[in-house]
Asks: 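This is the structure, below, for whatever I ask next.
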Amino acid sequence: MAAYVVVEIAIQDPQTYERYKALAPPTIAAYGGRYLVRGGATEVLEGSWNPPRLAILEFPTVERAREWWNSPEYAPAKAMRQASTQTDMILVEGLTAQP
């Protein structure tokens with residue numbers, strides 16, 4: 001079952017974050033993941049949630065998403081992101097296959 005990583009990001013150090021953006025994608029791909037959303041424009045339809053930047057990643061399974069998150073390949077990029085942004089991140093299970 002697919003899994004999704006949803007990330008709200010407030011960039012505090014744009015130069016460092018640009019380096020992160022170059023390092024992260026190969027690590028995501030190495031674990032079967034891909035970006036579905038990466039910083040596109042957002043529009044509030046209901047409520048007050050208005051993230052400054054939003055990313056949504058898709059992985060084949062929750063396990064692969066966790067493996068990526070904890071991987072030695074992602075560790076340097078993760079540290080760079082954590083040093084340059086304020087981030088809220090969740091892992092969400094996708095739906096099971098529909099008949």
Side-chain angles (χ1 to χ4, degrees):
M1 163 184 349
Y4 301 89
V5 176
V6 181
V7 190
E8 179 180 344
I9 305 155
I11 300 168
Q12 298 168 332
D13 177 349
Q15 289 180 320
T16 301
Y17 189 72
E18 284 300 314
R19 292 197 325 260
Y20 165 80
K21 284 174 33 181
L23 293 177
T27 70
I28 293 165
Y31 287 82
R34 66 185 182 117
Y35 284 98
L36 297 179
V37 173
R38 190 176 188 196
T42 61
E43 176 183 346
V44 178
L45 297 177
E46 234 178 275
S48 59
W49 185 36
N50 193 11
R53 182 175 176 87
L54 187 70
I56 301 175
L57 292 75
E58 179 182 52
F59 287 88
T61 64
V62 167
E63 292 77 20
R64 289 302 279 170
R66 286 188 189 125
E67 289 170 3
W68 163 75
W69 170 249
N70 291 305
S71 72
E73 296 90 352
Y74 182 55
K78 183 196 303 187
M80 196 172 288
R81 181 187 45 75
Q82 290 171 335
S84 64
T85 68
Q86 170 61 46
T87 303
D88 291 307
M89 183 180 301
I90 61 171
L91 175 59
V92 182
E93 290 182 346
L95 294 173
T96 56
Q98 302 294 315

Asks: With a 4.5 Å cut-off on side-chain heavy-atom distances among I, L, V, M, F, W and Y, is there a chain of contacts connecting L23 to V5?
Replies: yes
Asks: State whether the number of non-hydrogen atoms from other residues, nucleotides or ligands found under 6.0 Å of Q12 atom CD is greater than 12.
Replies: yes
Asks: What's the shortest heavy-atom distance between L95 and M1, and which atoms?
Replies: O-CG, 3.8 Å
Asks: Report whether V7 and F59 are members of the same hydrophobic cluster (ILVMFWY, side-chain heavy atoms less than 4.5 Å apart, transitive linking).
Replies: yes
Asks: Can you give me the closest heavy-atom contact between G32 and P60, atom names plus distance?
Replies: O-CD, 3.3 Å
Asks: Could you tell me the separation between the OG1 atom of T61 and the CD atom of E93, rounded to the nearest 0.5 Å?
Replies: 10.0 Å
Asks: Rounded to the nearest 0.5 Å, how far apart are OG1 of T85 and CD of E8?
Replies: 10.5 Å
Asks: Could you go step by step and tell me if L54 and V6 meet the side chain to side chain contact (heavy atoms under 4.5 Å, CB included) rule?
Replies: CA-CA 7 Å; L54 187 70; V6 181; 4.2 Å; yes
Asks: Taking a hydrophobic cluster as the set of Ile, Leu, Val, Met, Phe, Trp and Tyr residues connected by side-chain heavy atoms closer than 4.5 Å, whether directly or through intermediates, do M89 and L57 fall within one such cluster?
Replies: yes
Asks: Can you tell me how far the CE atom of M80 sits from the CG atom of D13, to the nearest 0.5 Å?
Replies: 10.0 Å
Asks: Given R38 and R53, is the side chain to side chain contact (heavy atoms under 4.5 Å, CB included) satisfied, shown in steps?
Replies: CA-CA 8 Å; R38 190 176 188 196; R53 182 175 176 87; 3.8 Å; yes
Asks: So which heavy atom on A65 is nearest to which on L91, and how close?
Replies: CB-CD1, 3.6 Å
Asks: Rounded to the nearest 0.5 Å, what's the gap from CD1 on I9 to CD on Q86? Could you check?
Replies: 11.0 Å
Asks: To the nearest 0.5 Å, what is the distance between CH2 (W68) and CD1 (I28)?
Replies: 5.0 Å
Asks: Decide yes or no on side chain to side chain contact (heavy atoms under 4.5 Å, CB included) for Y4 and L36, but give the supporting numbers first.
Replies: CA-CA 9 Å; Y4 301 89; L36 297 179; 3.6 Å; yes
Asks: My understanding is that only one of R66, R64, E73 makes a side-chain hydrogen bond (donor to acceptor under 3.5 Å, both in side chains) with Y31; could you say which?
Replies: E73
Asks: Check the angle between the aromatic planes of Y74 and Y20 and answer parallel, tilted or perpendicular using the 30° and 60° thresholds.
Replies: perpendicular
